[in-house]
Amino acid sequence: PNPMLPLLWLDADPPPAVVAGRFAVVAPPADPRWWSVASEPDLLAAADPARRWAAAGVGTGGQAAVRLALRHPDRFPVAAAIDPALDFHDLYGRGTPLDALFPTRERARQDTAVLHLNPARWPRLWFAADPAGPWHRGADRLHEKLTAYGVPHAADLDATGPGYVARMLPPLIAFLAVALAEESRRLM
């Protein structure tokens with residue numbers, strides 16, 4: 001029997017396909033602070049430090065999952081996101097919770113996941129962004145940066161259409177299952 005694989009799901013609720021999978025899911029309640037590194041103490045506390053975890057989510061939660069894994073690849077060696085809100089700083093000044101979290105647009109930009117990449121230490125990453133959606137450019141920018149640094153990753157930046165998130169869940173789940181299983185066999 002396969003042990004349950006640890007997954008920190010960062011989105012409103014984990015979809016049934018995630019819960020029904022081989023994952024021991026911890027899903028902290030959605031929080032506007034997910035835009036910010038300030039959320040990390042709570043997210044780190046939600047994940048048992050004795051294990052290595054995957055982090056995954058959609059939108060704001062996807063951005064938080066990628067950033068968490070980029071900042072803490074030893075603890076979160078696997079991350080996956082659908083339509084991650086990577087360029088969230090573009091919303092600064094438009095009446096979103098970002099205006100209360102950050103003093104300036106530049107300070108918000110400095111908290112984005114893309115700026116937390118360390119080319120010497122990285123997690124296994126998979127992400128997808130709908131070209132017709134608002135977050136595609138940020139995902140494309142992350143893809144470009146990872147490629148320029150030679151960091152292995154998988155990105156689907158071409159799929160689009162109705163039911164996008166639901167259609168991207170099976171590849172996200174498949175990536176998480178394989179990457180976590182491989183990670184569990186890696187020597188530390």
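- Distance CD1/I82 to CH2/W135: 15.5 Å, rounded to 0.5 Å.
- Between L5 atom CG and R51 atom CZ the span is 8.0 Å, to the nearest 0.5 Å.
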Working for side chain to side chain contact (heavy atoms under 4.5 Å, CB included), residues H116 and V37: CA-CA 10 Å; H116 292 284; V37 170; 4.0 Å; yes
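- Residues F76 and L44 are in side-chain contact: their nearest non-hydrogen atoms beyond the backbone lie under 4.5 Å apart.
- Applying the salt bridge (Lys or Arg N to Asp or Glu O under 4.0 Å) test to residues at least two apart or on different chains, none of the pairs has a partner in residues 147-173.
- Inter-residue side-chain proximity for L8 and L68 is flagged as met; some heavy-atom pair is nearer than 4.5 Å.
- Among residues two or more places apart in sequence or in another chain, the side-chain contact (heavy atoms from CB on, under 4.5 Å) test is passed with A113 by Q63, V66, R67, L70, L86.
- Taking the side-chain contact (heavy atoms from CB on, under 4.5 Å) definition, one finds that D130 meets it with D83, A132, T160, Y164, sequence neighbours left out.
- Side chains of R137 and D90 form no contact here, defined as non-hydrogen atoms less than 4.5 Å apart.
- Every side chain to side chain donor-acceptor pair (under 3.5 Å) that S36 has, sequence neighbours left out, goes to D111.
- Looking at residues two or more places apart in sequence or on another chain, you find no ring pair (Phe, Tyr, Trp, His ring centres under 6.0 Å) involving H72.
- Side-chain contact check for L146 versus W122: every heavy-atom pair is 4.5 Å or farther apart.
- Side-chain contact between F175 and V78 is present, with at least one heavy-atom pair separated by less than 4.5 Å.
- With sequence neighbours excluded, the residues that form a side-chain contact (heavy atoms from CB on, under 4.5 Å) with D99 are Y92, T96.
- With sequence neighbours left out, W9 forms a ring pair (Phe, Tyr, Trp, His ring centres under 6.0 Å) with no residue at all.
- Counting only residues at least two apart or in different chains, salt bridge (Lys or Arg N to Asp or Glu O under 4.0 Å) contacts with residues 112-123 comprise D74-R121.
- Taking the side-chain contact (heavy atoms from CB on, under 4.5 Å) definition, one finds that L115 meets it with R109, T112, K145, sequence neighbours left out.
- Applying the salt bridge (Lys or Arg N to Asp or Glu O under 4.0 Å) definition to pairs two or more places apart or across chains, those involving residues 28-38 are D31-R33, R33-D42.
- H143 and F127 have perpendicular rings, their planes meeting at more than 60° on a 0 to 90° scale where under 30° would count as parallel.
- Contacts of H89 classified as side chain to side chain donor-acceptor pair (under 3.5 Å), with partners at least two apart in sequence or in another chain: none.
- Atom CZ of F88 sits about 4.5 Å away from atom CZ of F102, to the nearest 0.5 Å.
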